[in-house]
A.B. asks: 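Can you read through this structure? Questions will come right after.
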There are 2 protein chains.
Amino acid sequence: MADSELRLEQMVARLRERGHRITAQRRAILEVLARSVGHPSAEQVFRIVSTEFPKTSLATVYKTVTALKEAGEVLELEFSQDSNRYDGNQPYPHPHVLCVTCHQIVDLDLTKLGDMADEVTGQTGFRILTHRLDFYGLCPKCQE
Amino acid sequence: MADSELRLEQMVARLRERGHRITAQRRAILEVLARSVGHPSAEQVFRIVSTEFPKTSLATVYKTVTALKEAGEVLELEFSQDSNRYDGNQPYPHPHVLCVTCHQIVDLDLTKLGDMADEVTGQTGFRILTHRLDFYGLCPKCQE
DNA sequence: CTTCATGCAAAACATTTGCAGCTGG
DNA sequence: CCAGCTGCAAATGTTTTGCATGAAG
């Protein structure tokens, strides 16, 4: 996983240049997010980090995630019922598919998305900053 | 607003056929959602309905919204920090622009969206049930 | 050393649930 | 009538905050 190691070092560098300190468990949190397998929730990050640092608290995970959000180094997918999910591997907006049964999240690479922002600006006068495109459905396994 | 009256009667009919009763305050809730000016939150619906029925509770709004969701008669836009917003006027998924400053929500009509679901199925094998496409930005007024 | 990070517990939210009494059909 | 609706209050679950202690740089 050389990719996620590179990504980890990018995240560390960005936090440092913003005046943040890198502690051992903070680095562990970043590691999980840099990998972002399955787009983990804060709780899931917490559980993984806990195996290595048993005294870590959920609050620390949230505080680190907040710092990363401010640095633009993690993408947060908000949900109101379920908890939020995080992607530190691709921290810019990109489309996802979510399985409504097993809650897995898969990245997408859609071609037709490019000029939509321009279409929106032309239609509304909004200056578009970001966006969110999620599809909801049944993954191959959960279709039976 | 003959449109929203028609919409209101549709919602009433759908709830009735699903075995729900129509009380006075429930009808008032439906009225606000049928109009859906500004895509109100549960709290906002509650406040509007409260002027006519001062003893209404927020729980009743949520229970009615839940019934409507199950009937597919309201679209729920989920947020984790801010509260959810509801559209009873167009209860099927459609794109929105959200102003990050004044929190207004505007409907969009994008042409290029059609065949995206097919592209997703081809790419992942998911059976797509619904989707969500939201743009975030600054509305003309909030750009100064 | 000084400032920031940590971990705990408590607070802050939006939303849901339990329940006794009310009411639509 | 009686199943479903109401309003209240309490519970839930996620995220945030306050604060004393500890460690990074």
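Throughout, a chain's letter reflects where its sequence line sits, starting with A, and its residues are numbered from 1.
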A.B. asks: Between Y86(A) (OH) and dT14(D) (P), how many Å, whole number?
C.D. replies: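 These atoms are roughly 12 Å apart.
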
A.B. asks: Could you state the atom-to-atom distance from CZ of F46(B) to C1' of dG7(D) in whole Å?
C.D. replies: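 Value for this atom pair: 10 Å.
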
A.B. asks: Can you measure F53(B) atom CZ to dG7(D) atom P for me and round it to whole angstrom units?
C.D. replies: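 Result: 10 Å.
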
A.B. asks: What's the verdict on side-chain hydrogen bond (donor to acceptor under 3.5 Å, both in side chains) for R7(A) and Q10(A), showing C-alpha distance, side-chain angles and the deciding distance?
C.D. replies: CA-CA 5 Å; R7(A) 181 72 195 110; Q10(A) 282 173 8; 2.9 Å; yes

A.B. asks: Under 4.0 Å, heavy atoms only, any strand: does E43(B) hit a base, just the sugar-phosphate, or nothing?
C.D. replies: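 Answer is nothing: E43(B) stays at 4.0 Å or more from every strand.
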
A.B. asks: So S80(A), base contact, sugar-phosphate only, or nothing? Heavy-atom distance under 4.0 Å.
C.D. replies: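 Nothing, no nucleic acid heavy atom in range.
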
A.B. asks: Could you state the interatomic distance from CG (L30(B)) to CD (E9(B)), rounded to the nearest 0.5 Å?
C.D. replies: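 Atom-to-atom, L30(B):CG and E9(B):CD are 9.5 Å apart.
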
A.B. asks: Rounded to the nearest 0.5 Å, what separates atom CZ in F126(B) from atom NZ in K141(A)?
C.D. replies: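 One gets 10.5 Å once the value is rounded to the nearest 0.5 Å.
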
A.B. asks: Considering every strand and a 4.0 Å limit on heavy-atom distances, what is the contact class for D82(B): base, sugar-phosphate, or nothing?
C.D. replies: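 No contact at all - D82(B) keeps every heavy atom at 4.0 Å or more from the nucleic acid.
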
A.B. asks: Name the first nucleotide and the last nucleotide along DNA chain C (5' to 3') that come under 4.0 Å of a heavy atom in chain B.
C.D. replies: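 The contact span of chain B on DNA chain C goes from dA14(C) to dG25(C).
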
A.B. asks: Between S57(B) and G19(B), just flag the one whose closest nucleotide in DNA chain D comes earlier from the 5' side.
C.D. replies: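 Nearest nucleotide further toward 5': that of G19(B).
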
A.B. asks: Closest-nucleotide mapping onto DNA chain C: is K69(B) or T23(A) further toward the 5' terminus? I mean the 5' end.
C.D. replies: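 So the residue in question is T23(A).
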
A.B. asks: Would you give the length of the straight line joining atom CG of L8(B) to atom CZ of R27(B), rounded to the nearest 0.5 angstrom?
C.D. replies: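 These two atoms lie 5.5 Å from each other.
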
A.B. asks: Scan S41(B) against the nucleic acid and name what it touches under 4.0 Å (heavy atoms): base, sugar-phosphate only, or nothing.
C.D. replies: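 Result for S41(B) = nothing.
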
A.B. asks: Between F135(A) and H131(B), what is the ring plane arrangement, given parallel below 30°, perpendicular above 60°, and tilted in between?
C.D. replies: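 Plane angle between 30° and 60°, so tilted.
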
A.B. asks: OP1, OP2 of dG4(D) versus side-chain N and O of H20(B): anything below 4.0 Å?
C.D. replies: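 The answer is no; no side-chain N or O of H20(B) sits under 4.0 Å from OP1 or OP2.
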
A.B. asks: Expressed as a whole number of angstroms, how long is the span from R47(A):CZ to dT14(D):C1'?
C.D. replies: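 Taking atom C1' of dT14(D) as the reference, CZ of R47(A) is at 14 Å.
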
A.B. asks: Nearest whole angstrom, please: distance from the P of dA9(D) to the CG of L58(B).
C.D. replies: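 In whole Å, dA9(D) P and L58(B) CG are 14 Å from each other.
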
A.B. asks: For K55(A) and dA23(D), give me the distance from atom NZ to atom C1', rounded to whole Å.
C.D. replies: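 Rounded to the whole Å, the gap is 12 Å.
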
A.B. asks: If you only use heavy atoms from C-beta on, which nucleotide in dA24(D), dG4(D), dT17(D) is closest to the side chain of K63(A)?
C.D. replies: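 So the nucleotide nearest the side chain must be dT17(D).
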
A.B. asks: Assess whether atom NZ of K69(B) is packed by more than 12 heavy atoms of other residues, nucleotides or ligands within 6.0 Å.
C.D. replies: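 Result for NZ/K69(B): enclosed.
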
A.B. asks: In this structure, how many angstroms lie between the C1' atom of dT15(D) and the CZ atom of R85(A), rounded?
C.D. replies: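 Atom CZ in R85(A) sits about 16 Å away from atom C1' in dT15(D).
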
A.B. asks: Carefully, step by step, assess R35(A) and E31(A) under the rule salt bridge (charged side-chain N to carboxylate O under 4.0 Å, His left out).
C.D. replies: CA-CA 6 Å; R35(A) 226 175 289 121; E31(A) 255 180 69; 3.6 Å; yes

A.B. asks: Look at all strands and tell whether R16(A) reaches a base, only sugar-phosphate, or nothing, counting heavy atoms closer than 4.0 Å.
C.D. replies: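 If one applies the 4.0 Å heavy-atom cut-off, R16(A) turns out to touch the sugar-phosphate alone, with no base involved.
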
A.B. asks: Could you say whether I22(B) or A59(B) is positioned toward the 5' end of DNA chain D, judged by the nucleotide with the nearest heavy atom to each?
C.D. replies: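 Here I22(B) is the residue nearer the 5' end.
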
A.B. asks: How many whole angstroms separate atom CZ of R21(A) from atom P of dA23(D)?
C.D. replies: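 Computing the R21(A):CZ to dA23(D):P distance gives 13 Å.
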
A.B. asks: What orientation do H96(A) and H39(A) show, parallel under 30°, tilted 30 to 60°, or perpendicular over 60°?
C.D. replies: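 H96(A) vs H39(A) ring planes: perpendicular.
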
